[in-house]
Number of protein chains: 2
Amino acid sequence: MLTFTEENYLKAIFKLSSKKIDGVSTNSIAEELSTKASSVTDMIKKLSDKKLVKYKKYQGVSLTKKGKQIAVSIVRNHRLWEVFLVEKLNFKWDEVHDLAEDLEHINSEKLTDQLDAFLEFPKYDPHGDPIPDKDGNVYNHKDETLADLQKGEKGIVVGVKEHSKSYLKYLESINLVLGAEIKINDIVEFDNSMSISVNKKTVNISHQASKNLIIKK
Amino acid sequence: MLTFTEENYLKAIFKLSSKKIDGVSTNSIAEELSTKASSVTDMIKKLSDKKLVKYKKYQGVSLTKKGKQIAVSIVRNHRLWEVFLVEKLNFKWDEVHDLAEDLEHINSEKLTDQLDAFLEFPKYDPHGDPIPDKDGNVYNHKDETLADLQKGEKGIVVGVKEHSKSYLKYLESINLVLGAEIKINDIVEFDNSMSISVNKKTVNISHQASKNLIIKK
DNA sequence: TTTAATTTTTAGATAAGTCTAAAAATAAGA
DNA sequence: TCTTATTTTTAGACTTATCTAAAAATTAAA
């Protein structure tokens with residue numbers, strides 16, 4: 001059995017791995033977990049002893065098959081709990097992350113599978129992130145964002161690339177929730193801000209905001 | 001914020017307090033938590049510093065108002081999660097304890113209250129133990145057990161005093177579940193075992209088993 | 001390619017929770 | 001009451017996860 005902390009390291013390495021092909025750096029893990037590089041080195045040695053990560057000094061780190069399995073199952077837990085909190089307990093999409101961070105560490109395959117069934121096997125969490133299936137397969141959205149659309153094009157909101165409370169609250173306030181239909185009215189060339197239509201209302205949205213909204217055409 | 005361990009100590013002291021009027025002994029806490037008396041002494045000092053327990057050397061320990069509040073809220077969490085696991089996720093009553101031991105430590109008043117509402121404000125957990133309300137009030141069953149009934153009397157199963165897997169499984173195998181109606185056919189004077197009727201079937205039950213089954217006449 | 005900057009690792013310390021073994025206090029028995 | 005037995009506490013040590021500060025390795029720049 002792994003500690004809470006060990007599991008969080010695996011999850012962090014998994015998250016960072018998806019962005020980089022080669023080994024993940026000590027520093028990036030430290031930043032992801034708000035800790036120090038020296039602490040990361042210590043922990044990586046431990047995870048390496050347990051054959052959960054591949055590690056060579058100064059060369060970065062990557063997950064072994066076993067380590068990846070564990071990381072994915074934690075992500076699966078996390079996202080299923082988020083669905084539960086939003087769908088069943090009426091939480092808002094900006095309120096569930098911290099609770100799911102705790103709930104994800106409750107390790108019981110039966111619990112996870114029963115929860116999955118109870119929620120009727122959801123494919124995505126409340127932020128549009130894909131929920132890994134029982135075998136650990138994850139089907140990510142294509143990385144097309146609102147910022148990639150041209151004037152006149154239409155799209156549907158399917159996810160977010162930024163999960164901060166403030167961003168999520170902002171999106172909700174202008175009805176940019178999952179499933180919302182968007183039409184691009186205009187793009188300001190100067191700062192790439194957009195005038196868009198959502199729910200028959202027109203709003204302006206900054207580039208900073210539009211490039212974090214995942215869209216399906 | 002308290003650690004997992006600190007919370008477990010408070011819960012243990014709360015449990016033991018309900019059986020004794022004066023201070024709870026170091027040894028009994030050690031036994032309850034499967035740890036050593038010396039560890040208990042150390043932790044009690046810490047909890048005392050935090051004003052969660054009243055403690056005088058060699059005189060045992062008792063919860064302060066604040067300590068009791070925390071303990072009760074953990075018990076509330078525990079029992080609500082047990083209801084969730086049984087009612088919503090189809091767990092058996094002998095499978096939920098360990099999971100609830102983990103889930104109970106997720107501290108969020110909102111989570112607890114929303115869960116309570118989602119479950120439609122249950123009064124008892126799957127073992128018949130009362131669920132403390134939001135204000136910390138607990139309404140225990142009268143301590144009348146099957147062993148207290150006389151020949152010819154009838155009763156309804158409302159709870160158990162022993163929570164082991166083996167006992168719970170055994171009860172279920174003879175249909176002695178919450179709500180079951182029992183009639184005492186006969187009592188063997190020699191060993192106080194009983195012949196009883198449940199669901200129109202007749203079974204024999206030992207004194208050891210009957211004295212742990214809480215009954216309402 | 002040699003020096004400078006950055007990243008990573010080591011060394012040594014700290015805090016939490018635990019343990020064993022021994023000392024101190026309390027309770028029980030003759 | 002005095003001695004023995006039991007309970008509780010103290011002392012010192014260990015483990016896990018963390019930190020700071022300094023050393024080592026790698027990368028970047030002149």
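Below, chains carry the letters A, B, ... as their sequence lines are ordered, and counting in each starts from 1.
- Rounded to an integer number of Å, the gap from CG of Leu33(B) to C1' of dT18(C) is 13 Å.
- Projected onto DNA chain D by closest heavy-atom contact, Asp42(A) and Gly60(B) fall at different nucleotides, the more 5' of which corresponds to Gly60(B).
- No hydrogens or angles were tested; on distance alone, a donor-acceptor pair under 3.5 Å links the side chain of Ser38(A) to the base of dT20(D).
- At the heavy-atom level, Phe4(B) lies nowhere under 4.0 Å from the strands shown.
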For salt bridge (charged side-chain N to carboxylate O under 4.0 Å, His left out), just list the numbers for Glu31(A) and Lys36(A), CA-CA rounded to whole Å, side-chain angles, deciding distance to a tenth of an Å, and then say yes or no. CA-CA 8 Å; Glu31(A) 196 187 7; Lys36(A) 297 295 151 74; over 6 Å; no
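- Of all nucleotides listed (dT18(C), dT9(C), dT10(D)), dT18(C) comes nearest to the side chain of Ser39(B).
- OP1 or OP2 of dT8(D) lies within a sub-4.0 Å distance of a side-chain N or O belonging to Asn27(B).
- We find that CE of Met43(A) is positioned 17 Å from C1' of dT8(C), with the value rounded to whole Å.
- One can place NZ of Lys56(A) at 17 Å from P of dT8(C), the figure rounded to the nearest angstrom.
- Listed nucleotides: dT18(D), dC19(C), dT9(D). Nearest to the side chain of Thr35(B): dC19(C).
- Checked against dT9(C), dA24(C), dC19(D), the side chain of Tyr58(B) finds its nearest nucleotide in dA24(C).
- Judged by a 6.0 Å distance limit and a 45° cone about the ring axis, Lys88(A) is positioned over the six-membered ring of Phe118(A).
- In this structure, NZ of Lys45(A) is placed 8 Å from P of dA11(C), rounded to the nearest angstrom.
- Of the listed residues (Asp125(B), Asp133(B), Asp113(B), Asp129(B)), just one forms a salt bridge (Lys or Arg N to Asp or Glu O under 4.0 Å) with Arg76(B), and that residue is Asp113(B).
- Dashed line: the shortest gap from a side-chain N or O of Lys57(A) to OP1 or OP2 of dT7(C) is not under 4.0 Å.
- When heavy atoms are screened at a 4.0 angstrom cut-off, Thr26(A) is found touching the sugar-phosphate backbone but no base atom.
- Side chain of Tyr9(A), nearest nucleotide from dT18(D), dC19(C), dT7(C): dT18(D).
- Under the 6.0 Å distance and 45° angle rule, Lys110(A) counts as a cation-pi partner of Phe91(B).
- Across the protein-nucleic acid pair, Gln59(A) atom CD and dA24(D) atom P stand 18 Å apart, rounded to whole Å.
- Ring pair His163(A)/His127(A): centre-to-centre distance below 6.0 Å.
- Among dT8(D), dT8(C), dC19(D), the nucleotide with an atom closest to any side-chain atom of Lys36(A) is dC19(D).
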